[in-house]
Structure formats: structure tokens, C-alpha cells
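Heads up: the structure comes next, in C-alpha cells.
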Protein chains: 2
Amino acid sequence: MAYPTQITTDQLDAAALTFDLLSVPGRLHLVWLLGTGELDVTTLAQSTGASIPATSQQLAKLRAAGVVAARRDGRRQLYRVEDPHILVVIEQMFGHIGGDGTITPDPGQARPPRRPRFADVADVAEVVEREDQQGRPELSRPGPS
Amino acid sequence: MAYPTQITTDQLDAAALTFDLLSVPGRLHLVWLLGTGELDVTTLAQSTGASIPATSQQLAKLRAAGVVAARRDGRRQLYRVEDPHILVVIEQMFGHIGGDGTITPDPGQARPPRRPRFADVADVAEVVEREDQQGRPELSRPGPS
DNA sequence: CATTCAACCAGTTGCGCAAATGAAAGAAGC
DNA sequence: GCTTCTTTCATTTGCGCAACTGGTTGAATG
């Protein structure tokens with residue numbers, strides 16, 4: 001994939017619009033959480049620490065943009081990532097940002113994203129409850145409901 | 001590069017902040033234009049169609065974020081991309097958006113970005129003057145000053 | 001002459017709160 | 001056993017507010 005040598009305003013706008021969706025930490029967090037599987041609104045709200053309505057609104061925007069999609073499961077609404085390509089972009093971005101939020105050098109070949117050197121637990125993006133699990137701190141995502 | 005299984009709030013914020021820089025078409029355009037080499041403010045302003053002050057301001061933000069850097073050349077200020085990694089992200093994004101601004105499917109392997117089927121000239125992101133050059137419409141970027 | 005700074009305006013955005021909607025589960029009646 | 005009403009829960013929507021953002025204009029700087 002060579003660097004594009006020509007773009008249209010439409011492309012520019014579309015790209016900017018998509019970037020905009022990811023420009024809010026909370027929303028980015030949502031997409032990231034949905035990166036592995038379906039999750040319902042309540043769980044997402046808990047995970048991000050945002051209120052339910054706020055979460056719903058963000059999800060609505062993401063859904064309107066076609067980034068995520070929802071499906072009903074009983075009373076709950078399960079959201080999932082509908083446009084996987086965006087995950088590639090996010091992955092790309094996170095791959096170059098250290099756990100401390102610093103931009104890692106190395107432009108060309110992304111070295112295996114060095115495991116964020118055990119950040120303080122409190123520093124980790126709140127994921128569900130702080131399950132006091134031991135072993136590998138895989139305290140990242142909520143398990144499938 | 002595996003999809004990250006753990007992130008910190010700092011990472012989230014940093015990523016969102018960077019995405020935010022790319023969320024404005026004009027600013028994204030600037031970074032894109034600088035993707036190949038140094039350009040001065042005036043040229044950039046012409047290329048994007050924005051005013052000089054506006055361009056300068058956007059560049060200032062990009063510079064503050066470390067995305068671009070500037071160097072003086074006589075009267076002009078030549079900007080360049082300082083953080084190449086961001087180009088990868090942009091490239092990634094554009095690689096999945098058609099000339100008409102549509103999101104192209106195919107998440108995994110990006111097929112060779114199908115040449116934007118000769119978009120109407122007026123539709124092409126204004127690049128410098130509409131140089132009526134013929135042959136391959138390489139009317140994309142301003143030549144090195 | 002090229003660029004930046006400063007002040008101002010217009011438009012947008014995200015969030016919290018309260019109310020409304022939609023769907024499932026249980027209770028009551030026929 | 002099958003409808004119908006009621007309660008309950010998950011999610012969504014409307015509204016107001018505070019904060020932020022980008023652009024323009026005009027002056028200042030190098």
C-alpha cells in the first residue's frame with residue numbers, strides 16, 4: 001500500500017470524519033472494547049466509567065457512521081464492530097504509543113508493541129471492575145456476558 | 001502487531017488526541033501534503049484553499065503536537081512531517097476509503113487501492129492550481145519550490 | 001514580504017439529568 | 001393453555017449548559 005499520490009475532497013472529508021469519531025477518548029475506548037466481541041451498553045458504560053446515556057449516545061454516533069452495529073439479545077442491545085478496518089487503524093495507532101502515552105519512535109517497521117511496562121493498576125483504563133485477579137494482569141476486557 | 005489486550009488511560013488520551021489532529025479535513029490535508037516533503041505555508045494555503053492565517057494556525061497545532069516541524073529558508077518557513085508514524089495511520093485510512101469517500105470493504109488485506117476512477121477534476125482535492133497537465137493526472141501535489 | 005499573534009464570533013460537541021420507549025417476565029383472568 | 005395487563009429492566013431521546021474549535025480580521029513581528 002503505497003502512500004496515496006492523489007486524493008479527493010470526499011476522501012479527505014470521509015477520513016477526517018472517521019478520525020473525528022476516534023478523537024474522543026471515551027468513544028475510542030468503546031470501539032477498542034468492542035474490538036474483540038459483542039458487548040452490551042451497560043457493560044460498556046461500566047467499563048469506560050461513563051454514564052449509561054452518554055455511552056448510548058456515543059454508540060449511536062458510531063452506529064450512524066457504520067463503525068458499529070447492534071443486535072438485540074433479550075433486553076440487551078449487543079454492539080459489535082461493523083467496520084473492521086477501523087480496528088486496523090486503531091491498532092496501528094496504539095502500536096506506536098507507549099503505556100505512558102508517549103509516542104514511540106520507529107516509524108517504519110512497528111516493533112512488537114512492547115508490553116506496556118506494568119503500569120500502575122490505577123493507571124490502567126478502567127476495565128469493568130478492578131477484578132483482583134492475579135497472575136498475568138489480563139484485566140483488560142470484560143468477559144462475554 | 002496483535003490487537004492490544006490492554007491499554008492505559010494515557011494511551012487512550014494520547015491516541016484520541018492524535019486522532020483529533022486528523023479530524024479536520026484541512027489539517028488532515030496539510031499533513032497529507034507534507035507527507036512527501038517540505039512545503040512552505042503559502043504553498044500549503046494555496047493547495048488546501050484555506051487562508052494563510054488559518055493554515056498557519058493549523059500548522060502551529062500540528063507542530064505543538066510534534067507531528068510536524070518547521071525550518072526557516074530565507075523568508076519562508078518550510079514545514080515537514082516530524083512524526084512519520086502518523087503517515088502510516090493516514091495511509092492506512094486512505095487505503096480503505098474510495099475516491100468517492102465510501103468505505104471500501106475488505107478489512108484484512110488491502111487490495112491495491114483502486115485508482116480513484118477519474119474523479120471529476122472539480123472533485124479532486126484542490127491541489128495547487130489546477131495545472132492543466134495532461135497524460136497521467138498527477139495533479140496531486142505541488143512540486144518542490 | 002512571509003508568517004505569526006491576538007481578539008472576536010459562530011458553530012459544534014460532549015455531558016448530565018429527566019423523561020420516554022421498547023422488550024421481556026410475571027400475574028391474573030377466561 | 002392462551003390472552004392480557006402490569007411491572008421491571010435496558011436503552012434511547014430531548015433539552016440545556018458549559019467548553020471548545022476553527023475561521024476571519026487586523027495588527028505585529030522578523
Side-chain angles (χ1 to χ4, degrees), chain A residues 9 12-13 15-34 38-65 67-80 126 128 142 144-145, chain B residues 9 12-13 15-34 38-65 67-80 126 128 142 144-145:
Chain A
T9 52
L12 224 33
D13 291 343
L17 209 64
T18 306
F19 280 132
D20 189 52
L21 286 174
L22 306 176
S23 68
V24 176
R27 212 155 43 203
L28 176 58
H29 198 171
L30 288 176
V31 179
W32 176 74
L33 285 170
L34 292 173
E38 292 181 322
L39 291 172
D40 67 326
V41 181
T42 303
T43 303
L44 286 169
Q46 285 175 175
S47 298
T48 61
S51 70
I52 301 273
T55 303
S56 178
Q57 285 177 167
Q58 305 292 33
L59 287 171
K61 291 184 180 178
L62 289 170
R63 188 175 47 188
V67 172
V68 304
R71 129 182 121 78
R72 202 171 240 331
D73 169 54
R75 316 187 151 181
R76 301 173 308 167
Q77 198 82 219
L78 293 181
Y79 280 84
R80 66 178 178 280
E126 321 169 41
V128 183
S145 50
Chain B
T9 52
L12 224 35
D13 291 344
L17 209 65
T18 307
F19 279 131
D20 189 52
L21 286 174
L22 306 177
S23 69
V24 177
R27 211 154 46 202
L28 176 58
H29 199 171
L30 288 175
V31 179
W32 176 74
L33 286 169
L34 291 173
E38 292 182 322
L39 290 172
D40 66 327
V41 181
T42 301
T43 303
L44 286 169
Q46 287 174 174
S47 298
T48 60
S51 71
I52 302 273
T55 303
S56 179
Q57 284 177 172
Q58 305 293 34
L59 286 170
K61 291 186 180 178
L62 289 170
R63 188 177 46 189
V67 173
V68 305
R71 124 183 124 80
R72 192 167 262 306
D73 170 52
R75 310 179 159 183
R76 302 175 307 168
Q77 196 83 217
L78 292 182
Y79 281 85
R80 65 177 180 281
E126 323 169 39
V128 184
S145 49

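On a predicted model such as this, the values are computed, not experimentally measured, just so you know. Numbers restart at 1 for each chain; the letters A, B, ... are given by sequence-line order, proteins then strands.
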Provide a list of protein-nucleic acid N or O atom pairs under 3.5 angstrom, restricted to nucleotides 23-27 of chain C.
none

Could you pull out the closest heavy-atom pair between [X] and [Y], with the gap in Å?
X       : Y       : result
A:Leu33 : A:Ser47 : CD1-CB, 3.6 Å
A:Arg63 : A:Ala70 : NH1-CB, 4.1 Å
A:Ile52 : A:Ala45 : CD1-CB, 3.8 Å
B:Ala15 : A:Leu28 : CB-CD2, 3.7 Å
B:Ser23 : B:Pro25 : O-CD, 3.8 Å

Quick one: [X] [atom1] to [N] [atom2], roughly how many Å, whole number?
X       : N      : atom1 : atom2 : result
A:His29 : C:dG14 : NE2   : P     : 17 Å
B:Leu22 : D:dT21 : CG    : P     : 15 Å
A:Arg27 : C:dT13 : CZ    : P     : 9 Å
A:Asp40 : D:dC9  : CG    : P     : 15 Å
B:Ile52 : C:dC1  : CD1   : P     : 14 Å
B:Leu78 : C:dT4  : CG    : C1'   : 16 Å
A:Leu59 : C:dC15 : CG    : P     : 12 Å
B:Asp20 : D:dA19 : CG    : P     : 18 Å

TODO: Indicate whether OP1 or OP2 belonging to C:dT4 is found under 4.0 Å from a side-chain N or O atom of B:Tyr79.
DONE: yes
Open item on the list: Using OP1 and OP2 only, check whether a side-chain N or O of A:Ser56 sits under 4.0 Å from D:dT12.
Closed with: yes
Task: Heavy-atom donor-acceptor pair, B:Arg27 side chain to B:Asp20 backbone, under 3.5 Å - done: yes
Task: Secondary-structure notation, DNA chain D, from Watson-Crick and G-U pairs under 3.5 angstrom (| other strand) - done: ||||||||||||||||||||||||||||||
Open item on the list: In the structure I gave you, are the side-chain heavy atoms of A:Leu34 and A:Leu59 within less than 4.5 Å of one another anywhere?
Closed with: yes
Within this structure, what is the [atom1]-[atom2] distance for the pair [X] and [Y], rounded to the nearest 0.5 Å?
X       : Y       : atom1 : atom2 : result
A:Leu12 : B:Trp32 : CG    : CH2   : 8.0 Å
B:Leu30 : B:Leu21 : CG    : CG    : 11.5 Å
A:Glu38 : A:Asp73 : CD    : CG    : 8.0 Å
B:Leu22 : A:Leu17 : CG    : CG    : 13.0 Å

Task: Per A:Gln58 side chain, nearest of listed nucleotides C:dG14, C:dT4, D:dT11 - done: C:dG14
- [ ] With the side chain of B:Lys61 defined as its heavy atoms from C-beta on, choose the nearest nucleotide among C:dT3, D:dG22, C:dG14.
- [x] D:dG22
Anything under 3.5 Å between a protein N or O and an N or O of nucleotides 16-19 of chain C, put it in a table, one pair a line.
from   : atom 1 : to      : atom 2 : distance (Å)
C:dG16 : OP2    : A:Ser51 : OG     : 3.4
C:dG16 : O6     : A:Gln57 : OE1    : 3.3

Open item on the list: Applying the side-chain contact (heavy atoms from CB on, under 4.5 Å) criterion to A:His29, which one of A:Val24, A:Leu44, A:Thr48 satisfies it?
Closed with: A:Thr48
